[in-house]
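Numbered from 1 within each chain, the chains take letters A, B, ... in sequence-line order. What you see is a predicted model, and the numbers here were worked out from it, not measured in a lab.
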Amino acid sequence: MVIVKHTYIADLKHKVGEEVTLHGWVYNKRSSGKIWFLILRDGTGSTQCVVVGGQVPDEVFDLDGVLTQESSVSVTGVVKEEKRAVGGYELEVSDIRVHQIAQNYPISKKDHGTAFLMDNRHLWIRSKRQNAVLKVRAEIIRACRDFLDSNGFVNLDTPIFTANACEGTTTLFETDYFGQKAFLAQSGQLYNEANIMSFGKVYCFGPTFRAEKSKTRRHLTEFWMLEPEMAYCDLDENMEWAEGLICHIVDWALHRCKEQLDSLERDTSQLRKVKKPFARVSYTDAVEILQNSGEGFEWGGDFGGGHETIISDHFDGPVIVHRFPAAIKAFYMKRDPEDERLALGMDFLAPEGYGEMIGGGEREADYDTLLRNLKQHKLSEDAFQWYLDLRKYGTVPHSGFGLGLERTVAWICGLSHLRETIPFPRMIYRLEP
RNA sequence: UCCGGAGUAGCUCAAUGGGUAGAGCGGGUGGCUGUUAACCACUAGGCUGGGGGUUCGAGUCCCUCCUCCGGAGCCA
């Protein structure tokens with residue numbers, strides 16, 4: 001069913017010669033005495049509206065001196081093809097209806113600092129650039145769901161209030177749950193592992209919370225994570241799913257977000273190079289790459305952002321790193337049967353220095369081994385009783401991963417900071433607006 | 001928590017070796033019939049982040065606190 005309530009700026013090219021009414025906000029205004037120009041934006045784009053003295057009632061013409069940036073107006077006029085207008089079309093105004101005159105809009109047409117813009121995030125999202133980024137975000141979400149939905153995955157969302165830490169290591173936000181301690185979820189994975197035993201392939205997609213006091217452009221305290229989980233799936237197949245998902249996202253964005261990526265001046269040649277199969281490198285070989293590049297890196301450590309960049313630059317494209325030292329990975333990761341020191345984990349590193357987008361791996365499916373790992377990590381056996389149950393009643397090899405949505409948006413859009421990839425970012429020093 | 005950097009008009013930034021705080025944008029007033037972050041003229045707007053110190057004199061030098069930005073660690 002299609003509901004058409006009114007005309008949008010994006011549709012003007014199909015309305016040449018017709019009289020339409022646009023509903024939007026004043027983006028800019030230029031006056032030249034007996035003629036003035038109103039740049040209107042409506043969320044789908046912006047267009048120039050021309051107001052000519054003598055061709056409209058005086059009270060409409062006099063709005064030149066009244067309208068301010070971001071005032072809300074409905075503009076009626078005939079659509080005209082016009083080379084002089086940005087976008088190629090303009091509206092010959094016959095009437096303007098004012099909804100409200102905006103007062104002292106704080107964001108001007110000139111440059112602003114990020115601190116000021118973040119304080120005015122509720123207004124900043126109206127800008128063309130933020131509109132483009134957030135549109136790409138919405139399309140990437142569609143791409144993720146489209147890929148999984150059309151590949152037999154069932155979307156089952158997992159709780160945000162949880163009683164326990166999933167990995168024990170990272171800091172969690174604590175809340176009061178009717179007198180009991182509760183934590184905000186940092187992953188839905190453990191619940192996904194229960195769900196796959198009913199549905200085979202599932203995914204959850206929602207906000208997750210990390211109370212780490214990270215202070216970098218690559219971290220938010222609240223971010224969205226897509227987490228697929230598959231029964232009867234080993235590490236190799238897991239990597240193929242991750243690869244397929246990334247390719248689908250990139251493809252989708254290149255086709256459906258052309259206009260947005262153009263306006264963000266994203267060089268898409270790098271994105272076009274993202275093709276299957278991705279390079280795969282073991283942790284051990286990656287360490288060798290680091291050492292050969294002159295980094296004093298020792299086997300057993302975790303990669304930092306700089307290390308990831310060196311590794312992905314070495315492959316000039318996307319790369320999946322696999323089989324990490326078990327000591328630096330979570331208790332639920334399956335050990336490599338060929339080398340007990342290793343865990344069957346994998347990270348997907350995006351090119352151009354964007355680093356880790358995906359982290360995941362094959363899960364430990366054996367009851368006794370999992371119990372031993374729990375104890376080694378000094379986690380409470382009681383709290384994980386239900387999780388251990390999954391290994392008692394028809395356990396199977398299974399794998400999954402988590403994709404950081406905001407990091408993916410930043411990479412696709414070519415942004416240097418995650419704060420622009422979500423409407424209202426939450427960071428260590430940013431809880432408002 | 002550690003290491004850098006920055007706080008001056010509503011916003012973005014200037015201010016030579018301490019010596020009367022300026023510009024652009026935005027606001028206000030006026031002008032202009034095709035403007036493209038339009039332009040031109042005039043105009044209002046300041047406890048230089050807070051506190052203390054040195055000095056005849058501090059935006060500038062010293063101490064201290066606060067806030068923000070970038071990076072490290074941790075991670076998606």
Side-chain angles (χ1 to χ4, degrees), chain A residues 27-39 46-55 61 64-65 68-70 80 82-88 90 92 102-120 123-124 127-128 166-167 169-172 186-189 205 207-227 242 301-308 328-330 345-350 354-360 401-411 416-419 421-422 427-430:
Chain A
Y27 183 71
N28 198 6
K29 205 183 57 181
R30 288 181 284 270
S31 174
S32 191
K34 297 290 186 293
I35 182 170
W36 58 278
F37 305 87
L38 163 65
I39 313 300
S46 60
T47 196
Q48 174 165 285
C49 307
V50 188
V51 187
V52 182
Q55 293 183 18
F61 189 80
D64 174 30
T68 54
Q69 196 186 350
E70 290 304 314
K80 222 176 72 177
E82 173 57 68
K83 281 183 206 143
R84 288 172 291 185
V86 175
E90 69 178 20
E92 280 189 309
Q103 292 180 10
N104 281 333
Y105 190 67
I107 300 178
S108 73
K109 287 168 280 182
K110 291 275 181 170
D111 294 335
H112 296 279
T114 49
F116 175 81
L117 290 169
M118 285 305 301
D119 286 342
N120 290 284
L123 304 174
W124 189 25
S127 74
K128 192 180 175 189
C166 137
E167 311 196 11
T169 52
T170 27
T171 327
L172 298 177
Q186 60 172 349
S187 166
Q189 180 206 319
F205 180 53
T208 64
F209 307 87
R210 303 277 167 94
E212 295 146 5
K213 292 191 172 174
S214 299
K215 216 184 143 178
T216 79
R217 60 179 79 185
R218 302 176 59 242
H219 292 87
L220 299 171
T221 52
E222 176 182 314
F223 66 97
W224 284 62
M225 187 156 65
L226 177 79
E227 294 177 277
D302 217 346
F303 299 140
H307 300 128
E308 289 175 352
I328 57 169
K329 288 292 171 181
M346 63 103 174
D347 283 356
F348 166 72
L349 306 183
Y354 280 93
E356 189 177 350
M357 298 283 133
I358 284 177
F401 59 88
L403 170 105
L405 176 65
E406 287 77 15
R407 285 189 181 176
T408 306
V409 175
W411 169 43
S416 62
H417 203 300
L418 289 193
R419 67 185 154 214
T421 63
I422 184 167
M427 297 172 290
I428 178 165
Y429 295 131
R430 174 67 61 184

Open item on the list: Return the pairing partner of B/rU67 with a 3.5 Å limit on both distances, Watson-Crick or G-U wobble; otherwise return none.
Closed with: B/rA6

Open item on the list: So, OP1 or OP2 of B/rA72: does either fall under 4.0 Å of a side-chain N or O from A/Arg218?
Closed with: no

TODO: Determine the contact category for A/Glu90: base if any of its heavy atoms lies under 4.0 Å from a base atom, sugar-phosphate if only primed atoms, P, OP1 or OP2 are that close, otherwise nothing.
DONE: base

TODO: Can you tell me, in whole Å, how much space there is between the C1' of B/rC13 and that of B/rC3?
DONE: 27 Å

TODO: Could you check whether A/Gln69 gets within reach of a base, just the sugar-phosphate, or nothing at all, counting any heavy atom under 4.0 Å?
DONE: nothing

TODO: Tell me what A/Ile39 touches on the nucleic acid: a base, only sugar-phosphate, or nothing, going by heavy atoms under 4.0 Å.
DONE: nothing

Task: A/Phe209 CZ - B/rA76 P separation (whole Å) - done: 16 Å

Task: Base of B/rC11 paired with side chain of A/His112 (donor-acceptor, under 3.5 Å) - done: no

Open item on the list: With a 6.0 Å cut-off (strictly less than), is the heavy-atom count around OH of A/Tyr354, excluding the residue itself, greater than 12?
Closed with: yes

- [ ] Classify the nucleic acid contact of A/Gln48 as base, sugar-phosphate or nothing, counting any heavy atom under 4.0 Å across all strands shown.
- [x] base

TODO: May I have the distance from A/Glu406 (atom CD) to B/rA76 (atom P), rounded to whole angstrom?
DONE: 14 Å

Task: Lys/Arg-Asp/Glu bridge criterion (N-O < 4.0 Å) met for A/Asp119, A/Arg430 - done: yes

Open item on the list: Heavy atoms only, 4.0 Å cut-off, all strands: where does A/Gly355 land among base, sugar-phosphate and nothing?
Closed with: nothing

Open item on the list: Please report the distance, rounded to the nearest Å, between CG in A/Leu172 and C1' in B/rC75.
Closed with: 13 Å

Open item on the list: Within the 4.0 Å heavy-atom criterion, would you say A/Asp347 contacts the bases, only the backbone, or no part of the nucleic acid?
Closed with: nothing

Open item on the list: Just to be sure I understand the rule, does A/Arg430 reach a base, reach only the sugar-phosphate, or reach nothing, if contact means heavy atoms closer than 4.0 Å?
Closed with: nothing

TODO: To the nearest Å, give me how far apart CE (A/Met118) and P (B/rC11) are.
DONE: 17 Å

Open item on the list: Categorize A/Phe37 for me: base, sugar-phosphate, or nothing, with a 4.0 angstrom heavy-atom threshold over every strand shown.
Closed with: base

TODO: Looking at every strand, decide which applies to A/Ser31 at a 4.0 Å heavy-atom threshold: base, sugar-phosphate, or nothing.
DONE: base

TODO: Can you tell me the distance, in whole Å, between the NZ atom of A/Lys215 and the P atom of B/rC69?
DONE: 6 Å

Task: Separation of atom CD1 in A/Ile428 from atom C1' in B/rC69, rounded to whole Å - done: 14 Å

TODO: For A/Lys80, answer base if it contacts any base atom (sugar-phosphate contacts may also be present), sugar-phosphate if it contacts only those atoms, and nothing otherwise; contact means non-hydrogen atoms under 4.0 Å.
DONE: base

